[in-house]
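Chain identifiers are assigned alphabetically (A, B, ...) following the order of the sequence lines, protein sequences preceding nucleic acid strands; residue numbering begins at 1 within each chain.
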2 protein chains.
Amino acid sequence: MKSAAKITILDVANASGVSFGTVSRVINNDIHVKPETRQRVLDAMRRLGFVANRQAQSLAGGKTNLIGLLVPDLGTGYIGEIIRGIDAELGLMGLDLITYTTHRTASKEANYVANLARGMVDGLLLVLPRHPADYIETLTQRGFPFVLIDHQGTGENCPAVGATNWQGAYTATEYLIKLGHQRIGFITGWMDLGCAQDRLKGYRSALRTYHIPEAPDLVYEGTFSQPDGYAGASALLDLPNPPTAIFASNDVMAMGVMDAVRNRGLRIPDDISVVGFDNIAQSAMVYPPLTTVQQPLEQMGRVATQMLLGILKDPEKEAGRIELPTELIVRGSTAPPKDRAG
Amino acid sequence: MKSAAKITILDVANASGVSFGTVSRVINNDIHVKPETRQRVLDAMRRLGFVANRQAQSLAGGKTNLIGLLVPDLGTGYIGEIIRGIDAELGLMGLDLITYTTHRTASKEANYVANLARGMVDGLLLVLPRHPADYIETLTQRGFPFVLIDHQGTGENCPAVGATNWQGAYTATEYLIKLGHQRIGFITGWMDLGCAQDRLKGYRSALRTYHIPEAPDLVYEGTFSQPDGYAGASALLDLPNPPTAIFASNDVMAMGVMDAVRNRGLRIPDDISVVGFDNIAQSAMVYPPLTTVQQPLEQMGRVATQMLLGILKDPEKEAGRIELPTELIVRGSTAPPKDRAG
DNA sequence: TTACGTTATGGAAGCGCTTACATTCATATT
DNA sequence: AATATGAATGTAAGCGCTTCCATAACGTAA
């Protein structure tokens with residue numbers, strides 16, 4: 001018996017008394033194989049411990065069975081959830097994932113995309129891409145399959161999955177207003193990202209709906225990171241007329257807000273209500289548990305993958321933007337404002 | 001001009017007036033090419049936008065230029081840091097990373113390893129493997145290159161990089177003792193992991209060194225997750241004679257501890273000191289900033305990758321276990337115990 | 001029985017590259 | 001001048017597979 005690493009379809013063919021062509025057919029689930037022959041081949045494969053060589057399959061077959069994933073970072077629960085969804089779908093189809101981390105570097109991003117699209121992978125999943133405009137046109141022209149995750153796309157009907165950011169922010173703000181809050185601070189994310197813009201717009205729309213005047217000093221511009229939450233909350237609480245609630249554009253910043261609030265000896269939610277966005281796992285685990293807008297991150301990963309597989313199967317298929325619903329998760333970090341509650 | 005995706009070395013050879021063999025030599029930095037010829041080929045490659053087909057290279061050359069990475073999860077800062085280090089080293093060598101998430105499922109782990117080791121990748125990086133014993137022997141026998149990250153290995157001298165967990169826990173405990181703490185609670189991690197065991201041992205050794213009797217009820221068994229920290233701290237604080245300091249086996253649990261402490265209206269560090277382990281980015285951002293034992297995670301990723309590349313280059317090279325130093329980072333979550341300070 | 005459509009199987013060609021070996025050519029050596 | 005030496009380049013043989021086309025085997029209707 002040869003070394004396990006070196007069993008080829010020829011060995012299997014010999015062992016099962018058929019030609020290598022038939023073995024290939026069995027591997028690829030071709031219909032034109034007599035069931036008993038198939039079984040014989042399958043047995044031989046198992047006996048010999050045969051595993052098809054991916055490189056050879058790719059070279060001969062013209063596809064790699066690899067999906068490229070571009071993410072800004074890998075250390076966040078946000079990305080982790082999305083990948084969980086991608087993993088699940090891909091696993092079902094026997095595809096593998098090759099991951100690139102851009103660390104928010106635009107040049108790296110464009111570079112990776114260029115190389116990956118040249119035969120390294122069959123399709124591309126782009127999470128929160130920074131400058132997709134730079135290469136989306138090229139990809140589209142070449143007909144290279146890709147799907148954007150949590151990005152608006154570039155105006156045209158380019159395949160993308162996102163969440164109802166506007167709606168989520170609107171609902172959360174409305175909830176705070178209905179609790180009785182009139183001064184609601186808002187901390188934005190990276191304002192060059194569509195999702196961050198939409199959340200801000202949702203917040204503003206809700207204020208407008210309830211005839212609450214917009215105070216520009218109640219909006220603090222952040223970048224989705226925890227220190228921004230801390231700094232933003234500190235700035236807001238320093239205002240002559242501070243807010244009674246703070247809505248952060250993601251949970252990580254909301255954690256920073258909570259720290260800042262506590263640091264001043266204020267209590268959550270008694271003195272200040274705090275709301276986040278994302279519903280990362282940690283949000284339910286902090287004290288008090290964070291009221292937040294849930295993004296269906298894992299589902300976004302799943303749906304994006306399904307879209308990509310769809311395009312892979314039928315390149316003509318027109319796939320536009322899909323928006324998955326967000327949901328307000330009410331937990332312990334929100335309450336009516338003090339002056340009213342008391 | 002052909003489509004960019006279809007330029008082969010033959011096209012480059014024609015365009016530059018040499019044989020495809022010479023082009024191949026240029027690609028592989030073979031010495032036997034006249035500098036001016038090389039330049040001519042390089043120019044042609046740039047002009048044509050040539051990118052070598054990885055599949056064909058792999059098939060012909062017998063290596064994939066792909067490194068497999070097995071991680072339990074992708075959503076933690078812990079893993080993110082390690083991957084950052086891996087990425088950096090791999091990028092330097094033009095290797096790509098193919099990632100598998102096991103979600104702590106032992107069967108998946110063994111499965112992935114089996115498949116990957118059969119030609120899918122050139123080498124394997126295993127982060128915090130759950131049941132390496134199941135397959136390490138196989139890998140070793142076959143001479144398949146791999147490196148364990150943050151795992152003790154399996155007794156033999158198997159390639160692994162870790163941190164000085166014992167030392168880190170010892171130092172942190174000693175620091176608490178020197179602050180004046182006599183009752184120090186400890187929350188463990190997954191006790192089937194060597195690193196968790198070592199941290200517990202380090203804690204115990206420090207107590208012994210300073211002749212502080214070990215109280216079994218001061219040790220709470222956790223699993224590295226935030227709710228364990230919360231539950232552990234709650235249990236410890238419910239003790240008739242509660243500790244004045246709590247040492248959690250990782251930062252995530254320490255966050256849980258902080259929540260639990262605050263939830264009871266106690267103040268950190270005034271009433272209770274809290275210490276973590278890992279020094280994830282978040283630790284510096286919470287309030288009060290967490291005193292913790294830094295693990296050089298990124299460096300662990302780097303070193304592991306270097307080890308693997310070393311083995312890849314020279315399979316005979318005996319690579320044993322490397323332990324990178326941990327360091328106590330003192331921040332605001334620790335202080336002398338109340339009864340002493342006051 | 002013959003002819004014909006199916007279905008199952010065999011085999012050649014080729015995917016784009018590396019590599020060992022063959023060949024060429026220039027230069028050094030005697 | 002004749003030859004050895006070594007550097008630069010060309011070429012054939014695969015790597016392990018898919019896929020197309022040819023062929024064999026098997027029914028089935030006439």
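- At least one side-chain nitrogen or oxygen of B:S24 sits closer than 4.0 Å to the OP1 or OP2 atom of C:dT18.
- Checked by atom type, the side-chain pair A:Y78/A:D150 shows a donor-acceptor distance below 3.5 Å.
- Between A:K6 and the phosphate of D:dG16, there is a side-chain N or O to OP1/OP2 separation shorter than 4.0 Å.
- In this structure, A:G61 reaches the sugar-phosphate backbone alone: every heavy-atom distance under 4.0 Å involves primed, P, OP1 or OP2 atoms, never a base.
- Put simply, CZ on B:F20 is 10 Å from C1' on C:dT19, counting in whole angstrom units.
- Nucleotide C:dG10 holds its P atom 10 Å from the NZ atom of A:K34, rounded to whole Å.
- Across the protein-nucleic acid pair, A:I7 atom CD1 and D:dC17 atom C1' stand 15 Å apart, rounded to whole Å.
- Put simply, B:T22 has no side-chain N or O that comes within less than 4.0 Å of OP1 or OP2 on D:dT9.
- Here the C1' atom of nucleotide D:dC15 and the CD1 atom of B:I9 are 14 Å apart, to the nearest Å.
- Residue B:F50 places its side chain closer to C:dC17 than to any other of D:dG16, C:dC17, D:dT9.
- In terms of heavy-atom proximity, A:F20 sits nearest to A:A13 at N-CB, 3.6 Å.
- In this structure, B:N53 does not reach the C:dC15 phosphate: none of its side-chain N or O atoms is under 4.0 Å from OP1 or OP2.
- Using a distance-only test at 3.5 Å, with no hydrogens or angles considered, a donor-acceptor pair links the side chain of B:R54 to the main chain of B:N65.
- Positionally, the nearest nucleotide of DNA chain D for B:R40 lies more toward the 5' end than for the other of B:R40 and B:A60.
- Residue B:R54 places no side-chain atom within donor-acceptor reach of the base of C:dG16, judged by atom type and a 3.5 Å distance cut-off alone.
- Rounded to whole Å, the distance from CG on B:L48 to C1' on C:dG16 is 15 Å.
- Which of D:dC17, C:dT9, C:dC17 sits closest to the side chain of A:A56 comes down to D:dC17.
- Taking atom CG on B:L10 and atom P on D:dT9, their separation rounds to 17 Å, with Å as the unit.
- Between the CD atom of B:Q55 and the C1' atom of C:dC15 there is a distance of 11 Å, given to the nearest Å.
- At distances below 3.5 Å, at least one donor-acceptor pair connects side-chain atoms of A:T76 with backbone N or O atoms of A:I79.
- Residue B:S19 places at least one side-chain N or O under 4.0 Å from the OP1 or OP2 atom of D:dG10.
- Computed from coordinates, the B:M45 CE to C:dG16 C1' distance equals 15 Å when rounded to whole Å.
- Comparing B:P35 and A:I27 against DNA chain D, the residue whose closest nucleotide sits nearer the 5' end is B:P35.
- Side-chain N/O atoms of B:T37 include one lying less than 4.0 angstrom from OP1 or OP2 on D:dT9.
- Here the side chain of B:R302 pairs no donor or acceptor atom with the backbone of B:D87 at under 3.5 angstrom.
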